[in-house]
Protein chains: 2
Amino acid sequence: MIIPKPGLPVRGSKTGQPIMALLDLLGRSWAMGIVWHLYKGPSTFRELQDYCESISPTTLNTRLGELNKCHLVERCLEGYVLTEYGRELFELLEPMGSWARHRWAKSFEENDRKK
Amino acid sequence: MIIPKPGLPVRGSKTGQPIMALLDLLGRSWAMGIVWHLYKGPSTFRELQDYCESISPTTLNTRLGELNKCHLVERCLEGYVLTEYGRELFELLEPMGSWARHRWAKSFEENDRKK
DNA sequence: CTGTATCCACAACGATACTG
DNA sequence: CAGTATCGTTGTGGATACAG
């Protein structure tokens, strides 16, 4: 398991620019889904598995380990929960998600209409 | 070449959530570097190749094609340039980059000190 | 200069079975 | 319930040589 730490080589940046490490981490399968779901409150392994319908236990466990080592998720009595960093990040992600949905996605619809 | 379009399956999301498509696109090698460099102004293929020191022509061309089909980059007389969408996205990315550098990266330094 | 065509190596992920 | 161990498939990207 390669942890995308700022300063070390990551997918897309040999010098490990923090922003690239972040994009690497969050771009992996289900990472965003996990953060999104945990923002609502703590969840167990099984609950997350049900939420991410087609995720394999291998991948879910790997992802949780990565998010944990990157200080975004931590263990708790109820299973897993977002850290302070995790919550901050989620809130930064919202404007991007909003832009992606409302502006960017529209650009593809326009393109489709022209064809 | 698999283009990460919102609505179609992408790395990390089978339903192609727009935010996941975006993270997929930007998480690929050198994508951010290209956007970052082009934010300063138009560039030729060769200039981008020099800027992204170790990138192969194959990858650079693939990446430019993806960014173009996703409406973030377009061709111009001077080579390549950011579109209106591209500039909007860059500006949304800055707060995240800032957080990654100043808050998130610090969390790893703290961790290192403890060990 | 600007790409394109091949080939190769490796990391990511799902499927599955199994252990604590 | 909560993971871990293996295996096979596939995408990603570098290297290189070559074409427009």
Side-chain angles (χ1 to χ4, degrees), chain A residues 1-5 8-17 20-34 37-38 42-70 73-81, chain B residues 1-5 8-17 20-34 37-38 42-70 73-81:
Chain A
M1 173 173 43
I2 296 178
I3 306 294
K5 288 189 185 178
L8 297 179
V10 298
R11 236 176 10 177
S13 168
K14 288 188 174 173
T15 54
Q17 299 299 328
M20 288 307 297
L22 192 55
L23 288 173
D24 182 1
L25 179 65
L26 294 177
R28 296 180 183 188
S29 67
W30 293 110
M32 273 291 294
I34 292 168
H37 187 68
L38 288 182
S43 249
T44 64
F45 190 91
R46 188 63 54 173
E47 284 167 351
L48 284 166
Q49 214 172 353
D50 290 341
Y51 173 71
C52 309
E53 301 184 8
S54 67
I55 198 173
S56 68
T58 317
T59 305
L60 175 55
N61 195 44
T62 303
R63 207 60 66 235
L64 285 170
E66 292 166 357
L67 291 170
N68 175 255
K69 287 184 181 166
C70 290
V73 164
E74 59 190 1
R75 307 242 23 179
C76 67
L77 286 179
E78 301 93 335
Y80 299 89
V81 67
Chain B
M1 173 171 44
I2 296 178
I3 307 293
K5 289 188 186 179
L8 296 179
V10 298
R11 237 175 9 176
S13 167
K14 288 187 174 172
T15 55
Q17 299 298 328
M20 289 307 296
L22 193 54
L23 289 174
D24 184 359
L25 179 64
L26 294 177
R28 296 180 183 189
S29 69
W30 293 110
M32 274 290 296
I34 293 168
H37 187 68
L38 289 182
S43 249
T44 65
F45 191 90
R46 187 63 53 175
E47 284 167 351
L48 284 167
Q49 214 171 353
D50 290 340
Y51 173 71
C52 308
E53 302 184 9
S54 67
I55 198 173
S56 69
T58 317
T59 304
L60 176 55
N61 196 43
T62 302
R63 207 59 68 235
L64 285 170
E66 291 166 358
L67 291 170
N68 175 256
K69 287 184 180 165
C70 289
V73 164
E74 59 191 2
R75 307 242 23 177
C76 67
L77 286 178
E78 300 94 334
Y80 298 88
V81 66

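Keep in mind that this is a model prediction, so the values were computed, not measured. Proteins get letters first, then strands, A, B, ... in listed order; numbering begins at 1 in each.
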Check your understanding: How long is the line joining CG of Asn61(A) and P of dG14(C), in whole Å?
Key -> 13 Å

Point to revise | All side chain to side chain contact (heavy atoms under 4.5 Å, CB included) counterparts of Ile3(B), not counting sequence neighbours | key: Met1(B), Lys5(B), Glu66(B), Lys69(B), Cys70(B)

Review point. Are the charged groups of Arg28(B) and Asp24(B) less than 4.0 angstrom apart, N to O?
Key: yes

Check your understanding: Considering all heavy atoms of both residues, which atom of Glu47(A) and which atom of Pro42(A) are nearest to each other, and what is their separation?
Key -> OE1-O, 4.3 Å

Review point. Mind checking whether Phe45(A) and Leu60(A) have side chains closer than 4.5 Å, heavy atoms only?
Key: yes

**Study point:** Length of the line joining Glu78(A):CD and dC1(D):C1', which is rounded to integer Å
**Key:** 16 Å

Check your understanding: Rounding to a whole Å, what distance do you find between Leu48(B):CG and dG3(C):C1'?
Key -> 13 Å

Going by atom type alone, with no hydrogens or angles, which donor-acceptor pairs under 3.5 Å involve a side-chain atom of residues 74-81 of chain B and a protein atom two or more places apart or on another chain?
from     : atom 1 : to       : atom 2 : distance (Å)
Arg75(B) : NH1    : Tyr80(B) : OH     : 3.2

Practice item. Write down the distance between CD (Glu53(A)) and C1' (dA15(C)), rounded to a whole number of angstrom. Key: 17 Å

Point to revise | Separation of dA2(D) P from Asn68(A) CG (nearest whole Å) | key: 16 Å

Exercise for review: Rounded to the nearest angstrom, tell me the gap between atom CG in Leu64(A) and atom C1' in dA2(D).
Suggested key: 11 Å

Check your understanding: How does protein contact run along nucleotides 5-20 of chain D, one letter per nucleotide 5' to 3', with B for base contact, S for sugar-phosphate only, - for none, heavy atoms under 4.0 Å?
Key -> B------SSBBB----

Check your understanding: Whole Å only: how far is the CZ atom of Phe45(B) from the P atom of dC1(C)?
Key -> 11 Å

Review point. Do Thr62(A) and Thr59(A) have a side chain donor and acceptor closer than 3.5 Å?
Key: no

